[in-house]
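Numbering starts at 1 and runs along the sequence shown.
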Amino acid sequence: MKSLFDSVSYKCSKTVTQSYSTSFSSATKMLAPNIRQDIYNIYGFVRFADEIVDSFHEYPKATLFDDFERQMYAAIENKISLNPILNSFQETVHKYTIEPELYEAFMKSMRLDLSKKVYLTDDEYKEYIYGSADVVGLMCLCVFVKGNKQQYDKLKDSAMRLGSAFQKVNFLRDLKADFEGLDRTYFPNADLKNLNEESKQQIITEIELDFKEAKKGISKLPIEARFGVYTAFLYYQKLLNKLKKTPSEKLKESRIRVPDYQKFSLLAQGYVNYRLNLI
């Protein structure tokens with residue numbers, strides 16, 4: 001029965017989420033059960049595409065990515081795939097009528113990572129951020145509002161700003177791996193070889209503005225999604241504060257993390273704020 005295969009597919013997407021990101025997995029657990037699996041399905045899809053371009057250095061990345069993209073389109077068209085991650089993703093796409101423009105923009109940005117190393121202009125940078133992060137937030141928003149177009153349009157800008165903030169924090173946190181390991185420079189007008197406090201602060205100010213705008217939409221999310229998204233917001237805000245306090249030269253030497261005990265503290269803080277309607 002296909003229902004059994006679907007069940008196996010869902011477990012695969014959940015396992016991918018739990019294995020690759022404990023923080024995102026913890027935040028997803030704070031979502032209502034009726035939407036939780038669909039977020040796992042989206043994360044599994046975006047994670048696999050990202051892994052191809054970032055991690056599989058000993059294999060033909062371009063060929064693997066082409067195959068994955070073809071399988072994605074086939075899965076959505078046929079409403080089934082023998083790739084369990086894509087089988088889960090296609091179901092969420094159809095369930096919430098996720099527009100092709102969103103996952104196509106995502107794949108376009110991921111494909112850029114196969115060859116593009118430097119982003120020299122703001123337009124290039126913004127286009128990459130839109131495809132790699134904003135549209136992921138929008139796909140999740142489709143799930144959160146359960147296809148309500150009016151609600152989606154109202155919260156769209158906030159969802160995009162939150163996706164942007166998360167991605168830019170990741171860029172700053174992964175500075176060493178991206179620059180030294182993958183030879184990539186995402187931030188325009190920033191010399192990462194000689195990153196100083198002024199350059200770092202410009203980047204942080206940009207992220208703080210994104211967070212400020214994003215927070216306006218969190219309190220307006222459906223109740224099933226609000227606490228989970230707020231939990232992720234608090235985690236990334238904490239990570240940004242740690243990056244802000246870390247000297248610029250240290251950012252190029254190590255990957256900054258939020259310890260587990262601080263994550264638990266943030267979860268408790270978030271729950272209190274949520275219960276008291278302080279979001």
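Distance check: Tyr230 OH to Gln237 CD gives 8.0 Å after rounding to the nearest 0.5 Å. Annotation: the span from Asp153 atom CG to Leu155 atom CG amounts to 9.5 Å, rounded to 0.5 Å. How far CD of Glu124 is from CG of Leu112: 9.0 Å, rounded to the nearest 0.5 Å.
Taking the ring centroids of Tyr40 and Tyr10, they lie at or beyond the 6.0 Å cut-off. Aromatic ring centroids of Phe106 and Phe45 lie under 6.0 Å apart.
Residues Ser109 and Gly131 approach most closely at OG-CA, 3.2 Å, considering heavy atoms. Taking each heavy atom of Ala133 and Ser164 in turn, the nearest pair found is CB-N, 4.4 Å. Pairing each heavy atom of Lys168 with each of Ile207, the nearest pair is CB-CG1, 3.6 Å. Listed here is the closest heavy atom pair of Lys244 and Ile204: CA-CD1, 3.5 Å. The shortest heavy-atom contact between Val229 and Leu31 is N-CD2, 4.3 Å. Nearest heavy-atom pair across Pro84 and Ser13 is O-OG, 4.5 Å.
Taking the six-membered ring where tryptophan is involved, the planes of Phe24 and Tyr43 are essentially parallel, since the angle between them stays under 30° and well short of 60°. Relative ring orientation between Phe68 and Phe48 is described as tilted, the plane-to-plane angle lying within the 30° to 60° band.
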Quiz prompt | Intermediate values then yes/no, side-chain contact (heavy atoms from CB on, under 4.5 Å), Tyr96 and Met139 | solution = CA-CA 9 Å; Tyr96 298 99; Met139 286 192 281; over 6 Å; no

Exercise. Starting from the C-alpha separation in whole Å, work towards a yes-or-no answer on side-chain contact (heavy atoms from CB on, under 4.5 Å) for Asn41 and Gln90.
Key: CA-CA 9 Å; Asn41 296 348; Gln90 67 79 20; over 6 Å; no

Self-check item: Intermediate values then yes/no, side-chain contact (heavy atoms from CB on, under 4.5 Å), Phe171 and Ile203
Solution: CA-CA 10 Å; Phe171 285 164; Ile203 294 169; over 6 Å; no

Practice problem: Applying side-chain contact (heavy atoms from CB on, under 4.5 Å), run through Ile98 and Leu138 and close with a yes or a no. | Solution: CA-CA 9 Å; Ile98 295 175; Leu138 293 177; over 6 Å; no

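More than 12 heavy atoms of other residues, nucleotides or ligands shown are found within 6.0 angstrom of NZ on Lys2.
Under the 4.5 Å side-chain heavy-atom criterion for ILVMFWY residues, no single connected hydrophobic cluster contains both Leu234 and Leu209. A continuous path of Ile, Leu, Val, Met, Phe, Trp and Tyr side chains, each step under 4.5 Å between heavy atoms, connects Tyr103 with Tyr152, placing both in one hydrophobic cluster.
Seen from the ring of Tyr119, Lys116 counts as a face-on cation partner, given the 6.0 Å and 45° thresholds.
Not a single donor-acceptor pair under 3.5 Å links the side chain of Glu77 to the backbone N or O of Tyr73. Judged by distance alone, the side chain of Lys200 and the main-chain N or O of Thr246 form a donor-acceptor pair under 3.5 Å. Side chain of Ser88 to main chain of Ser9: a donor-acceptor pair is present (N/O by atom type, distance under 3.5 Å, no hydrogens or angles).
The salt bridge (charged side-chain N to carboxylate O under 4.0 Å, His left out) pairs that include a residue from residues 16-42 are Asp38-Lys95, where partners are two or more places apart or lie in different chains. Residues in residues 40-49 take part in these salt bridge (charged side-chain N to carboxylate O under 4.0 Å, His left out) pairs, two or more places apart or across chains: Arg47-Asp50, Arg47-Glu51.
The only member of Lys126, Lys215, Arg161, Lys216 that meets salt bridge (charged side-chain N to carboxylate O under 4.0 Å, His left out) when paired with Asp210 is Arg161.
Under the rule for a salt bridge (charged side-chain N to carboxylate O under 4.0 Å, His left out), Lys242 has no partner lying at least two apart in sequence or in another chain.
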